[in-house]
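A quick write-up on the structure given underneath.
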Amino acid sequence: MRALITGGAGFIGSALARHLVGQGADVLVVDKLTYAGHLSSLEPVAKAANFAFAQIDICDRAKLGEAFAAFQPDAVFHLAAESHVDRSIEHAHEFIATNLVGTFNVLEASRAYWEALPQERKQAFRVLHVSTDEVYGSLGADGLFREDTPYDPRSPYSASKAGADHLASAWFHTYGLPVLISNCSNNYGPYQLPEKLIPVIILNALEGRPLPVYGDGGNIRDWLYVDDHVEALCLIAAKGEAGRCYNVGGRNERTNLQVVHRVCELLDAHAKKASAHKELITFVADRPGHDRRYAIDATRLESELGWRAGETFETGMERTVRWYLDNESWWGPLRKAGVGVKRQGLLK
Ligand code: NAD
């Protein structure tokens with residue numbers, strides 16, 4: 001298999017690239033290397049004969065077309081995106097450019113390439129557009145997001161992803177491009193940029209800084225270990241039905257405060273300090289428009305494609321905390337550069 005991965009220097013894309021290279025697939029990572037993309041996340045596969053990297057902005061249609069023509073992919077995994085909700089509040093234009101216009105370019109480059117393929121390769125070709133559960137909006141105390149839940153995005157990030165999902169769906173219905181869409185819940189695991197909740201809490205705790213909890217800490221997310229998401233993406237691309245959407249989620253609902261407490265407990269066990277890490281917890285102003293609860297019904301993925309999450313929240317969190325403790329060489333330079341240190345997305 002020849003897999004072109006957009007956004008493959010980011011958190012999830014690099015996990016997918018490391019996995020596929022390990023499986024023997026030929027991989028081309030296409031990434032602009034924004035503040036969120038780091039070649040250090042690809043270091044474990046950088047020297048592999050079946051791995052290649054091209055620094056390309058997906059908004060550059062011509063360069064994207066050249067990459068398709070030169071690499072000749074069998075599958076495209078589209079993960080390149082601006083992905084941080086807090087950032088989207090202050091820098092919405094970048095989210096519209098990459099998530100909407102960039103996705104349009106990826107679809108158009110895929111279509112031009114696919115239309116020219118010989119029949120057999122044309123039939124096997126797939127584009128997997130990787131999206132989020134945030135497009136469905138916010139749940140009350142009950143209920144789960146299903147694939148037929150109406151879209152109701154609330155942040156510039158989720159609105160731009162929702163628009164991208166609609167483009168992907170339109171390219172299937174209008175042009176017959178074999179696109180699939182996955183909508184996944186919150187991921188966590190190694191190589192996640194320290195601007196997102198779990199690595200922020202781990203690193204702030206290690207550095208003795210306050211552990212910021214937005215609002216009352218009661219917002220609920222459905223947490224999935226990143227390698228389980230990667231397994232799901234591979235399964236959807238290989239066995240999913242073109243034109244369909246697949247929800248991906250770990251059935252691991254936790255409030256943000258529960259997540260922060262778990263990180264503190266693990267650090268108390270593995271990086272003991274004189275006082276309990278939870279004493280650093282500090283409640284701060286809530287995120288504007290903060291969705292209250294997300295929860296995924298992954299029945300379609302489980303029953304039709306046989307997917308199961310391999311990690312529980314407990315095992316995944318243990319692995320994650322240990323990884324950050326063992327890999328300061330990855331996150332140290334990012335911290336020094338100020339990534340995730342300053343809060344973003346507060347309205348004046
Ligand atoms: P990330 O921010 O860690 O990585 C995004 C990558 O895209 C970076 O390497 C960045 O350099 C690259 N990129 C950004 N703009 C680009 C452009 N114009 N051209 C080329 N490359 C560009 O994001 P992530 O957490 O790995 O998320 C990957 C995808 O999965 C995103 O589409 C996101 O919406 C989706 N997703 C993420 C989560 C999550 O919890 N992190 C959950 C569900 C879905």
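For ligands, and for the atoms within them, numbers begin at 1 and follow the listed sequence. Note that the structure is a prediction, hence the values are computed from the model and not measured.
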Ser83: which residues meet the side chain to side chain donor-acceptor pair (under 3.5 Å) condition with it, sequence neighbours left out?
Lys196
Connected-component partners of Tyr294 among ILVMFWY, side-chain separation under 4.5 Å
Val135, Tyr136, Leu139, Phe145, Tyr151, Ile296
Looking only at non-hydrogen atoms, find the nearest pair between Ala97 and Cys59 and report the distance.
O-SG, 3.4 Å
Residues in contact with ligand 1, criterion: heavy atom under 4.0 Å:
Gly7, Ala9, Gly10, Phe11, Ile12, Asp31, Lys32, Leu33, Thr34, Ala36, Gly37, Ile56, Asp57, Ile58, Leu79, Ala80, Ala81, Ser83, Thr98, Val130, Ser131, Thr132, Tyr157, Lys161, Cys184, Ser185, Asn186, Asn187
Let me check something: any side-chain donor-acceptor pairs from residues 62-78 under 3.5 Å, sequence neighbours excluded? List them with distances.
unit_1, atom_1, unit_2, atom_2, d
Gln72, OE1, Arg121, NH1, 3.3
Gln72, NE2, Ala69, O, 3.0
Asp74, OD1, Arg121, NH2, 3.1
Asp74, OD2, Arg2, N, 2.7
His78, ND1, Thr6, OG1, 2.7
His78, NE2, Thr103, OG1, 2.9

Closest heavy-atom pair and its distance - Gly218, Thr255
O-CG2, 3.8 Å
Candidates Leu257, Leu197, Asn219, Asp286 - the one meeting side-chain contact (heavy atoms from CB on, under 4.5 Å) with Tyr214
Asp286
